[in-house]
*Asks:* 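Dropping the structure in here first, questions after.
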Amino acid sequence: MSRLSNIPLTGWIGMALIAANAILFLFGPMLAPFGQEEIVGMPFDMPQPGHPLGFDQNGRDMLSRLLYGAQMSIGISLAAVCLSFAVGVPLGILAAIRGGWLDLVLSRVVDTVMSIPVLISALVVLQALGSSLPVLIVTIALLDSTRVFRLARLVAQGINVMEYAEVARLRGEGLGWMIRREILPNALPPLVAEFGMRFCFTFLFVAGLSYLGLGVQPPFADWGGMVRDNQQGILYGLYAPLFPAAAIALVTIGVNLTVDWLLAGHTTVQGDNR
Amino acid sequence: MSDILRIRDLRVATAEGVELLHGVSLDLEKGEILGLIGESGAGKSTIGLASMGYGRGGCRITGGTIELAGKDLASASRPEREAVRGARIAYVAQSAAAAFNPAHRLERQIIEGPLRHGLMTAPEARAWMIELFTALGLPEPETFGRRYPHQVSGGQLQRAMVAMAMSCKPDILVLDEPTTALDVTTQIEVLLLLRETIRKYGTSALYITHDLAVIAQVADRLMVLRHGAEVETGTTEQILSAPREEYTQRLVSERQASLNAEAGAHHRTGEEILRVDHVSAAYGRTPVLHDVDLSVKRGETVAIVGESGSGKSTLARLVSGLLAPSAGQVRFDGEALPESYRKRSPDLLRRIQLIYQLPDVALNPRQTVGETIGRPLETFRGLKGRAQRNEVARLLEMIGLPVEMAARLPGALSGGQKQRVCIARALAAEPDLMICDEVTSALDPLVAEDILRLLRKLQDELGMTYLFITHDLSVVRRLADRTVVMQKGRIVEEADTATLFEAPRDPYTRRLLDSVPQLDRGWLDKVLAARAS
Amino acid sequence: MVSLIAKRAGLGLLTLWLVSVLVFAGTEILPGDVAGAILGQSATPESLAALRSELGLDVPALQRYFDWLGGILTGDMGRSMASGQPVSDLLWPRFRNTMALAAYAGVIAVPLAVGLGILAAAKRGTIFDRAANIAALAFVSLPEYFLGLLLVLWLSVKTGWLPSLADTYEGMGLTAWFTATTLPMLVLVMVTMAQILRMTRTTVLGVMDQPYIETAFLKGLKNGRVVMRHAAPNAAAPIVNVVSFNIAYLITGVVLVEAVFNYNGLGRFMVDAVSKRDLPMVQAAAMIFGAAYVILNMIADIAAIALNPRLRHPRGKEA
């Protein structure tokens with residue numbers, strides 16, 4: 001990933017999509033021509049001048065609602081992923097360095113949590129606590145942090161057995177130095193790639209929960225919930241539910257393409273020379 | 001002249017377009033063994049693979065011709081290349097352990113070639129395989145092939161690899177460092193059988209190696225390579241006795257020096273600094289050290305030699321506090337050393353420093369040279385800021401690197417430079433004892449020679465004490481005052497280095513010394529004769 | 001090897017038990033109590049106490065856990081809070097439906113994805129490989145309901161080929177069942193296939209970088225034979241792991257797909273129970289999903305152990 005000219009087309013598309021979504025995330029509501037609760041037309045009305053994407057099931061402007069929804073959809077996922085890394089990475093590295101019972105207990109807990117599909121665990125918790133934004137973010141972050149923990153631990157273990165880490169230990173370096181100077185800088189590339197992939201997963205997951213009616217609750221609007229609200233439109237051959245669904249797909253495609261390109265940079269392509 | 005392989009102006013480039021071979025030409029006669037010798041990056045293996053029409057990792061042949069039995073492989077189609085590979089020209093890799101497929105029995109992999117090329121029927125191929133097994137001295141040749149690769153030893157697997165290469169009765173073998181990964185005592189066995197087998201069936205060979213003494217025993221002619229180009233070519237005698245080019249002269253004289261140097265150093269020594277007192281150790285339930293007793297005096301160099309599995313590196317880990325003994329005690333400067341480095345005081349940690357075999361993994365790739373050397377200055381000696389920078393500069397000068405290197409990351413250094421930085425990092429602690437664990441094994445001969453010279457210089461200037469762990473007897477010979485020979489976790493002999501080399505008492509030591517290849521062309525025959533008598 | 005497999009099976013049982021602890025604990029983390037949450041504003045002290053004793057909430061949590069676990073082991077999962085019907089009567093028919101749909105999708109997706117993944121790896125760098133890669137990447141990125149709605153639009157609303165809702169009922173004919181479930185099956189196939197294809201390709205490529213593959217090429221073997229005879233046997237165990245890993249995606253996918261097509265399966269059943277906050281139903285459904293996942297993973301791991309040549313043919317004494 002040294003020179004710009006080496007970036008493949010897919011990499012450019014991925015980054016362009018990420019940039020576009022970053023703008024939506026930051027400025028979405030400012031760009032919206034109408035309010036998100038403002039009823040300005042007929043339910044499920046066709047696209048028309050001033051309303052390029054038509055209207056939703058209540059006659060609200062689809063484009064405006066999409067622009068408002070960006071903040072909610074992307075924001076929740078971003079918050080959850082950041083939280084899950086804040087929990088998972090330090091614990092994973094700590095478990096790798098310390099080993100012993102700490103590693104044993106943490107790994108056992110994580111293995112058990114991971115032995116249940118995330119969606120099922122999330123549903124159990126949401127059943128108990130009900131769905132609110134903090135519950136949603138913390139639940140997803142904690143469930144997801146098990147994956148982050150696993151990767152961070154694996155990567156840190158790989159680095160920790162390197163001889164340079166051994167040299168540092170034999171020098172009597174403390175935990176802080178080991179994590180900050182020896183492990184973290186070398187663990188960064190795989191963790192950054194993982195951040196992208198976890199974001200994708202979380203983003204789809206939040207949208208999925210909202211689609212099931214268990215995620216973001218009214219009056220807030222997010223893209224998953226918009227698909228659900230407009231779903232019956234599809235039976236009349238309307239595109240209304242496809243717009244928010246496509247918006248979701250574009251975010252994940254963008255991140256996936258970028259991560260794919262970043263990871264592909266590390267493997268050589270075999271020629272036809274054999 | 002009946003050239004069986006004729007390469008003209010061969011050029012090979014990587015997928016990214018970097019040229020690895022800049023126009024190499026060579027001829028190979030029927031029944032001849034041509035040695036390709038050079039340091040890493042010289043392009044030896046690239047030539048070997050290109051002569052089979054193969055490029056590793058996306059490398060491609062960008063120019064020249066490879067005439068094999070009258071056909072040009074460089075311009076041949078893929079099916080044409082496939083028809084030749086294995087059948088007319090076959091490959092023996094350095095690591096047979098990696099080159100055999102772990103999922104299939106040896107037999108299935110060995111007879112696959114002749115069957116696929118339609119050269120033999122299954123019973124014929126099997127019979128030929130058993131004949132090869134017998135010729136290569138493998139145990140129970142009738143049933144040996146039923147084993148899986150992980151069920152046989154390294155030396156046996158390397159011979160099985162030769163059998164696999166010979167399975168189609170090829171005209172040419174490409175032998176790519178076929179004995180480098182083996183212990184010396186195993187290497188000589190494989191070398192002998194390899195030479196016998198090649199002679200017996202009149203096969204030609206390209207023999208790729210970095211070791212002049214090894215190639216001297218088998219090759220008729222030698223081609224010296226450097227940076228992807230030919231330096232010179234000649235008969236083995238001529239290259240060894242009268243090399244024309246300066247580079248070849250250096251290679252030969254370095255090897256000569258390593259083999260014939262006056263054995264043993266004699267340093268003025270002080271009181272005892274390290275005492276390993278009847279120590280045993282185990283990894284889990286597997287015992288690796290048995291009742292090891294050893295003493296090192298201030299200012300001397302003690303070498304510990306042994307083959308893989310002898311426990312020599314375990315001893316280093318024990319002294320540095322990475323492994324606790326199961327019995328016995330290690331004493332340092334008269335006092336018992338705490339078993340774990342965690343219980344040792346910062347000053348004790350400072351006084352014992354370790355240098356590793358692989359400088360690549362011994363340096364943090366994300367820390368500059370200056371940071372790497374500066375950190376022990378800070379933790380052990382409290383040097384900060386300008387004082388630290390000045391000391392880093394002084395250390396860099398001492399190990400022979402320019403001061404500007406301080407700003408570089410390890411990725412921008414060569415292997416030899418990295419090892420120098422590792423030495424500087426150890427020196428920064430002003431240690432009383434330096435443990436050197438195979439510090440030159442991963443380096444090219446000329447670079448290794450420089451590192452050894454540096455270590456010797458440091459000893460003369462600073463009165464350093466070294467505990468040298470190595471499998472390389474030539475290193476021992478040039479550096480050590482005393483030598484300890486280990487086998488299977490025990491010390492079998494300990495003596496002044498000169499005494500040990502001249503009059504070894506233990507039969508294993510004798511075998512070890514006898515197994516070191518000499519530059520003398522007739523050495524292998526002499527060994528053979530000595531064994532017969 | 002047998003001891004390894006026994007060990008893995010033992011670990012599986014232990015995990016199953018831990019899952020039950022986790023599921024129970026997860027439903028118990030409510031601050032305050034369930035009775036209060038159910039009755040809400042209309043709660044009077046008397047009605048609260050009555051509901052508590054009805055739900056068994058006046059008993060210590062540990063005892064409730066063992067009662068619940070004992071109930072599950074004997075097939076008695078309690079009664080639904082919403083309808084009062086026995087949970088097991090409601091749950092098992094839907095579980096069968098879900099397994100039928102997942103199996104229908106799995107039987108098609110797994111062989112197809114593994115085959116295409118190996119093919120993409122064998123033809124690394126070709127147009128086919130790149131196309132498969134980009135298509136798989138796209139399908140991984142697309143949410144199930146987006147694919148589902150697109151298929152409904154094209155294959156149902158616009159063309160009328162297939163029903164837009166997956167209505168199934170007791171005693172329906174096999175053909176009718178396949179017609180009804182083909183759309184949800186297609187969506188499941190697309191998302192799981194994409195994952196398995198990508199990971200299979202990566203796994204096989206990892207094996208293709210091994211020196212013994214180079215040995216095989218240097219023997220003059222053709223690409224196809226090298227892939228099938230030399231790469232595939234070594235990739236088998238990791239591919240099994242890839243497949244088992246993706247069972248999670250299948251299960252998560254099932255929940256969403258059932259919602260898209262209004263399919264009468266355990267996923268939709270559980271989502272309904274969660275929105276009604278019907279505790280015994282959620283516990284039971286989570287336990288079933290968890291158990292299915294743990295058991296499938298265990299089978300896959302055991303298969304991977306059995307496929308490993310080093311474990312199948314131990315070193316023996318001659319090494």
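Chain identifiers are assigned alphabetically (A, B, ...) following the order of the sequence lines, protein sequences preceding nucleic acid strands; residue numbering begins at 1 within each chain. All heavy atoms count here, side chains included; hydrogens, waters and symmetry mates do not.
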*Asks:* Can you tell me which portion of A:V227 sits under 4.5 Å from chain C's heavy atoms? Options are side chain, backbone, both or neither.
*Replies:* side chain

*Asks:* Counting only heavy atoms closer than 4.5 Å, note whether A:V255 contacts chain C via side chain, backbone, both or neither.
*Replies:*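 Neither part.
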
*Asks:* Need one label for A:R108: side chain, backbone, both or neither, based on atoms under 4.5 Å from any heavy atom in chain C.
*Replies:* side chain

*Asks:* If you compare all heavy atoms of A:G208 against all heavy atoms of C:L256, which two are closest, and at what distance to 0.1 Å?
*Replies:*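 A:G208 and C:L256 have their closest heavy atoms at O-CD2, 3.7 Å.
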
*Asks:* Could you state the interatomic distance from OG (C:S275) to CG (A:L214), rounded to the nearest 0.5 Å?
*Replies:*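 C:S275 OG to A:L214 CG: 5.5 Å, rounded to 0.5 Å.
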
*Asks:* Find the one option among A:C200, A:G254, A:A246 whose heavy-atom pairs under 4.5 Å with chain C are most numerous.
*Replies:* A:A246

*Asks:* So what's closer than 4.5 Å to chain A heavy atoms on C:V157: side chain, backbone, both or neither?
*Replies:* side chain

*Asks:* Which region of C:V21, side chain (C-beta onward) or backbone (N, CA, C, O), has a non-hydrogen atom less than 4.5 Å from a non-hydrogen atom of chain A, or is it both or neither?
*Replies:* neither

*Asks:* For C:L11, is it the side chain, the backbone, both, or neither that has a heavy atom closer than 4.5 Å to a heavy atom of chain A?
*Replies:* side chain

*Asks:* Can you pull out the residues in residues 67-77 of chain A with any heavy atom less than 4.5 Å from chain C?
*Replies:*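 Answer by number: none.
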
*Asks:* Run the numbers on C:T15 and A:M114 for side chain to side chain contact (heavy atoms under 4.5 Å, CB included), then give the verdict.
*Replies:* CA-CA 10 Å; C:T15 313; A:M114 283 179 71; over 6 Å; no

*Asks:* Please flag which part of C:R198 lies under 4.5 Å from any non-hydrogen atom of chain A: side chain, backbone, both or neither.
*Replies:*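 Interface part for C:R198: side chain.
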
*Asks:* Which one, C:G290, C:P143, C:A259, C:A286, leads in non-hydrogen pairs under 4.5 Å with chain A?
*Replies:* C:P143

*Asks:* With a 4.5 Å cut-off on heavy-atom pairs, point out which of C:L218, C:N133, C:L137 contacts chain A the most.
*Replies:* C:L137

*Asks:* Name the residue from A:L250, A:L204, A:I253 that meets the side chain to side chain contact (heavy atoms under 4.5 Å, CB included) definition with C:L142.
*Replies:* A:I253

*Asks:* Any idea which heavy atoms bring C:K158 and A:Y239 closest together, and the distance?
*Replies:* NZ-OH, 3.2 Å

*Asks:* What are the residues of residues 148-155 of chain C, in order of number, with any heavy atom under 4.5 angstrom from a heavy atom of chain A?
*Replies:* C:L149, C:L150, C:V152, C:L153

*Asks:* Please report the closest heavy-atom contact between C:S141 and A:N256, naming both atoms and the distance.
*Replies:* OG-ND2, 2.8 Å

*Asks:* Identify the heavy atoms of A:S115 and C:Y293 that sit nearest to each other, and give their distance.
*Replies:* O-CD2, 2.9 Å

*Asks:* Is the NZ atom of C:K7 crowded by more than 12 outside heavy atoms at less than 6.0 Å?
*Replies:*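 At most 12 heavy atoms, drawn from other residues, nucleotides or ligands, come within 6.0 Å of this atom.
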
*Asks:* Answer with side chain, backbone, both or neither: which region of A:M197 has an atom nearer than 4.5 Å to a non-hydrogen atom of chain C?
*Replies:*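 For A:M197, there is no contact with chain C at all, as no heavy atom is under 4.5 Å.
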
*Asks:* Any heavy-atom pair between the side chains of A:Y211 and C:V260 that's under 4.5 Å?
*Replies:*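 Touching, per the 4.5 Å side-chain cut-off.
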
*Asks:* Locate the shortest heavy-atom distance separating A:L242 from C:F146; write the atom from each residue and the value.
*Replies:*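 Heavy-atom minimum between the residues: O-CE1, 3.7 Å.
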
*Asks:* May I have the step-by-step check of side chain to side chain contact (heavy atoms under 4.5 Å, CB included) for C:Y145 and A:I248, ending in yes or no?
*Replies:* CA-CA 11 Å; C:Y145 37 88; A:I248 294 167; 3.5 Å; yes

*Asks:* Please classify the contact of A:L257 with chain C as side chain, backbone, both or neither, using a heavy-atom distance under 4.5 Å.
*Replies:*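 Contact with chain C is through both the backbone and side chain of A:L257.
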
*Asks:* Which pair of non-hydrogen atoms, one from A:L212 and one from C:V255, has the smallest distance, and what is that distance?
*Replies:* CD1-CG1, 3.9 Å

*Asks:* With a 4.5 angstrom heavy-atom cut-off, is it the side chain or the backbone of A:S121 that approaches chain C, or both, or neither?
*Replies:*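 Neither part.
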
*Asks:* Count the heavy-atom pairs under 4.5 Å between each of A:V251, A:V118, A:I120 and chain C, then report the option with the highest count.
*Replies:*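 Top option by heavy-atom pairs under 4.5 Å: A:I120.
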
*Asks:* How far apart are the C-alpha atoms of A:I116 and C:L22, what are their side-chain angles, what is the distance that settles it, and do they pass the side chain to side chain contact (heavy atoms under 4.5 Å, CB included) test?
*Replies:* CA-CA 9 Å; A:I116 310 175; C:L22 221 60; 3.9 Å; yes

